[in-house]
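These notes are about the structure you will find just below.
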Amino acid sequence: MEWLNNFSGWQLALMATAFTWALTAAGAALVFIYKNVSESAFSFMMSSAAGIMLASTFFSLLMPAMEMAPDYSYLILTCGFVLGGALIIVTDILIGKLKLFSGSDNANKRSCAVMCIAVTMHNIPEGLAVGVAFGALASGQTAGAVAAVMLAVGIGIQNFPEGMCVAFPLRANGFSRTKSFLIGQLSGAVEIVAGVIGALAVQAVNGILPWALSFSAGAMLAVVCSELIPESFAQGKIKATIGVIFGFALMMILDIAFG
């Protein structure tokens, strides 16, 4: 992990979010090979990502934020955490309202737009979380490189089935394989922009880092609760529970051993 010290925060965020976008594209690219993907595989990927992201929320976001804000840390962490979660809740509400218009004459194009907007809006705070983690890493103020890298890995794992979730329904609704892939992978590109902005913000503004970390933690937890947990557990409680435990344990082991 020492080679990471050769890069600035925004460069690290750029590489990390390029990785998360690449997994989105890889998931969407399966539309060229398969007609569908098994529900069991979806469930384990989503639940494992949930476990990794839950652990990342604590180890790489909230704990460092608490250490950096000894004065009024309870107030800073609570406010930042609630605002981050509120962003996802508001996003879900807006997406629900957009879906009211899906029954128009131009249903295919409108459905395409709704799915792309839904995934894109959720990817913004995810990209910010990665950017904040690597911006803090470059400032030498977090638990370590492993935590930041594993946060990106967790989000990337989630993005893989997310790319499929966009591409496969589009293909089923009559879109070509190429168009389904292009729309699916494009939904993850916003993470690159959000990640770079997050990294630059925490390095440019003094005192923003504890707020940004706790904000990202709230957004991450809300994403896990609103998307990953319901989708994975709907396919089977036992397998999903194993996936969550596996993901959390993996993140915890790596953080303790190398953090």
Side-chain angles (χ1 to χ4, degrees), residues 1 4 7 9-31 37 41-61 88 118-137 142 144-168 181 184-199 216-217 219-224 226-229 231-232 243-244 246-255 258-259:
M1 294 291 181
L4 294 176
F7 299 94
W10 74 266
Q11 290 174 324
L12 292 173
L14 179 62
M15 290 187 288
T17 50
F19 164 76
T20 62
W21 164 80
L23 286 185
T24 305
L30 292 181
V31 77
V37 178
F42 262 121
S43 177
F44 188 76
M45 282 190 291
M46 298 295 270
S47 59
S48 296
I52 290 174
M53 291 168 68
L54 282 172
S56 297
T57 296
F58 178 72
F59 287 112
S60 37
L61 296 174
I88 301 300
V119 176
T120 299
M121 290 179 73
H122 281 301
N123 282 344
I124 292 173
E126 294 172 8
L128 284 172
V130 175
V132 166
F134 279 95
L137 172 64
T142 65
V146 171
V149 169
M150 287 305 299
L151 178 62
V153 169
I155 292 175
I157 292 173
Q158 176 210 340
N159 284 358
F160 185 82
E162 205 168 69
M164 292 188 286
C165 287
V166 175
F168 280 94
F181 164 73
Q185 62 83 29
L186 188 61
S187 64
V190 68
E191 289 189 356
I192 298 177
V193 178
V196 171
I197 291 174
S216 297
M220 284 291 94
L221 185 62
V223 168
V224 170
S226 65
E227 291 187 22
L228 304 187
I229 295 295
E231 291 184 22
S232 60
V244 172
F246 169 78
F248 194 100
L250 176 63
M251 172 65 201
M252 184 168 56
I253 290 171
L254 290 173
D255 184 83
F258 302 106

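- With rounding to the nearest 0.5 Å, the separation of CD1 in Ile197 from CG in Leu128 is 7.0 Å.
- A 4.5 Å side-chain heavy-atom check between Phe58 and Leu54 finds every atom pair outside the cut-off.
- For the pair Ala25 and Phe181, the tightest heavy-atom approach, listed with the atom from each and the gap, is O-CE1, 3.3 Å.
- Atoms CG and CD, from Asn159 and Glu191 in turn, are 4.5 Å apart once rounded to the nearest 0.5 Å.
- Two residues are said to be in side-chain contact when any heavy atoms from C-beta on lie closer than 4.5 Å; Trp21 and Val190 fail this criterion.
- Across Val244 and Ile229, no two heavy atoms sit closer than the pair CG2-CD1, 4.2 Å.
- How far CG of Leu23 is from CZ of Phe19: 4.0 Å, rounded to the nearest 0.5 Å.
- Distance CG/Leu186 to OG1/Thr24: 10.5 Å, rounded to 0.5 Å.
- In this structure, Gly131 and Ala13 approach most closely via the heavy-atom pair CA-CB, 3.9 Å.
- Between Phe160 and Leu30, the closest side-chain pair of non-hydrogen atoms falls below 4.5 Å.
- Here the CG atom belonging to Leu12 is positioned 10.5 Å from the OG1 atom belonging to Thr17, to the nearest 0.5 angstrom.
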